[in-house]
Amino acid sequence: MSTATTVRRLLDEHGRTYADEAGIRLRDTPMPLHQLLTLCVLLSVRIKADIAVAAARELFAAGLRTPRAMADATWQERVDALGRAHYRRYDESTSTALGDGARLSLDRYRGDLRRLREEAGGDPERLRELLREFPRIGPVGADIFSREAQGLWPELRPAFDRRAQDAAERLGLPRSPDALAGLVRDQDLPRLAAALVRVALSG
């Protein structure tokens with residue numbers, strides 16, 4: 001199978017971003033960026049991705065789509081939303097992390113992660129460092145955010161984490177993020193990265 005055919009199949013069959021699956025209409029505005037951060041918190045523990053995505057949808061359906069709404073919700077309201085998605089074992093600690101992270105966003109960035117981007121000054125590593133200051137966001141969560149947000153913030157491109165690179169190599173595609181980026185248009189980078197991760201998770 002040619003490289004072009006492999007990439008086309010990846011995008012067609014697996015190229016839905018996790019943000020899209022969670023119902024996030026990702027734009028460079030405060031609310032969807034906060035929703036993406038919420039999704040990254042949920043995906044940052046050892047739990048199935050589909051459960052994390054379902055938990056994000058439950059939180060958003062409960063109206064917890066902004067830092068202010070998340071911070072103003074009670075701990076139990078957040079736990080209940082997570083429970084409806086069967087987000088077990090981590091529901092209580094995650095509720096705390098989401099509340100604390102929302103307050104950090106409000107206090108430091110006035111609820112607008114574009115201010116975090118400005119503070120990073122175009123440096124993708126600094127941007128990831130700032131993301132890791134949020135509760136529960138470690139290297140994995142920062143990688144997920146970068147992978148999904150690279151269509152909005154060019155300084156994050158190309159964002160293909162080790163899992164995506166491993167899947168690319170197994171499929172006969174180049175492993176290098178720069179080489180992978182050369183296979184698609186900039187707007188398709190998040191979809192290709194998500195497709196490779198989905199393939200890796202499916203085995």
Side-chain angles (χ1 to χ4, degrees), residues 15-57 59-60 64-67 70 87 90 94 97-106 108-165 167 177 180-181 186-198 200-201:
R16 188 180 189 191
T17 66
Y18 287 92
D20 182 60
E21 188 180 353
I24 302 169
R25 300 181 67 178
L26 200 54
R27 298 185 303 277
D28 193 22
T29 54
M31 187 171 75
L33 290 172
H34 172 74
Q35 290 177 300
L36 176 59
L37 185 68
T38 297
L39 177 61
C40 293
V41 169
L42 297 169
L43 285 165
S44 291
V45 298
R46 292 182 178 275
I47 200 161
K48 290 183 177 180
D50 59 343
I51 293 176
V53 168
R57 295 184 73 97
L59 288 164
F60 304 152
L64 309 187
R65 294 183 289 270
T66 67
M70 189 70 79
Y87 194 94
Y90 303 102
T94 299
L98 289 170
D100 291 347
R103 284 183 282 274
L104 172 61
S105 178
L106 291 167
R108 183 163 178 180
Y109 303 112
R110 285 181 273 171
D112 187 348
L113 291 180
R114 293 176 300 182
R115 297 181 188 278
L116 179 150
R117 183 190 183 194
E118 290 172 6
E119 187 171 326
D123 181 347
E125 287 310 313
R126 177 61 179 153
L127 198 154
R128 290 183 178 92
E129 286 177 9
L130 293 172
L131 287 170
R132 291 198 296 270
E133 293 180 3
F134 283 89
R136 187 62 65 75
I137 298 291
V140 170
D143 281 346
I144 296 168
F145 189 98
S146 299
R147 199 175 72 212
E148 297 273 326
Q150 64 182 315
L152 298 176
W153 294 352
E155 66 269 28
L156 293 174
R157 301 173 193 156
F160 292 91
D161 56 26
R162 182 170 296 178
R163 182 174 282 165
Q165 292 176 52
L180 286 168
D186 286 348
Q187 59 263 43
D188 286 329
L189 284 171
R191 295 181 59 225
L192 179 58
L196 289 168
V197 169
R198 290 180 185 278
L201 291 175

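Residue indices begin at 1 and follow the sequence shown.
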Notebook entry, point to check: Pairs in or reaching into residues 39-53: which pass salt bridge (charged side-chain N to carboxylate O under 4.0 Å, His left out), with residues at least two apart or in two chains?
Noted result: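 Listed by first then second residue: nothing to list.
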
Next item on the list: Using the salt bridge (charged side-chain N to carboxylate O under 4.0 Å, His left out) rule, collect all pairs that involve residues 147-159, keeping only residues at least two apart or in two chains.
Entry: R117-E155, R147-D161, R157-D186

Next item on the list: Please report the C-alpha distance between D123 and E129 in whole Å, then the side-chain angles of each, then the deciding distance to 0.1 Å, and finally whether the side chain to side chain contact (heavy atoms under 4.5 Å, CB included) criterion is met.
Entry: CA-CA 10 Å; D123 181 347; E129 286 177 9; over 6 Å; no

Margin query: Applying side chain to side chain contact (heavy atoms under 4.5 Å, CB included) to Y18 and I24, what does each step give before you reach the verdict?
Written below: CA-CA 9 Å; Y18 287 92; I24 302 169; over 6 Å; no

Keeping the roles fixed (side chain from [X], backbone from [Y]), state whether a donor-acceptor pair exists under 3.5 Å.
X: Y87; Y: L42; value: yes
X: S105; Y: G101; value: no
X: Q165; Y: P177; value: no

Looking at side-chain heavy atoms only, is the closest gap between [X] and [Y] below 4.5 Å?
X: L98; Y: L59; answer: yes
X: Y90; Y: I51; answer: no
X: L131; Y: L37; answer: yes

Return the minimal non-hydrogen interatomic distance between [X] and [Y], and the atom names on each side.
X: A22; Y: A56; value: CB-CB, 4.2 Å
X: P135; Y: V41; value: O-CG2, 4.0 Å
X: A120; Y: L130; value: N-CD1, 3.9 Å
X: F60; Y: R65; value: O-NH1, 2.5 Å
X: A159; Y: Q150; value: N-OE1, 2.9 Å
X: L36; Y: A19; value: CD1-CB, 4.4 Å

Next item on the list: Determine whether more than 12 heavy atoms belonging to other residues, nucleotides or ligands lie under 6.0 Å from atom CZ of R132.
Entry: yes

Nearest-0.5 Å distance, [atom1] of residue [X] to [atom2] of residue [Y]:
X: L156; Y: E125; atom1: CG; atom2: CD; answer: 9.5 Å
X: L26; Y: L152; atom1: CG; atom2: CG; answer: 4.5 Å
X: T38; Y: L64; atom1: OG1; atom2: CG; answer: 8.5 Å

Next item on the list: For E133, enumerate each residue passing the salt bridge (charged side-chain N to carboxylate O under 4.0 Å, His left out) test, keeping only those at least two apart in sequence or located in another chain.
Entry: R108

Notebook entry, point to check: Excluding sequence neighbours, so at least two apart, what forms salt bridge (charged side-chain N to carboxylate O under 4.0 Å, His left out) with R57?
Noted result: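 R57: no salt bridge (charged side-chain N to carboxylate O under 4.0 Å, His left out) contacts found.
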
Next item on the list: Please report the C-alpha distance between D143 and R128 in whole Å, then the side-chain angles of each, then the deciding distance to 0.1 Å, and finally whether the side chain to side chain contact (heavy atoms under 4.5 Å, CB included) criterion is met.
Entry: CA-CA 8 Å; D143 281 346; R128 290 183 178 92; 4.0 Å; yes

Note to self: List the residues meeting side chain to side chain contact (heavy atoms under 4.5 Å, CB included) with R110, not counting sequence neighbours, and say none if there are none.
What the structure shows: R115

Next item on the list: Report the residue from L113, V140, I137 that forms a side-chain contact (heavy atoms from CB on, under 4.5 Å) with F145.
Entry: L113

Next item on the list: May I have the step-by-step check of side chain to side chain contact (heavy atoms under 4.5 Å, CB included) for L33 and L116, ending in yes or no?
Entry: CA-CA 11 Å; L33 290 172; L116 179 150; over 6 Å; no

Margin query: Considering only residues two or more places apart or on different chains, which pairs with a residue in residues 19-28 satisfy side-chain hydrogen bond (donor to acceptor under 3.5 Å, both in side chains)?
Written below: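 Passing the test, one end in residues 19-28: R16-D20, E21-R198, D28-W153.
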
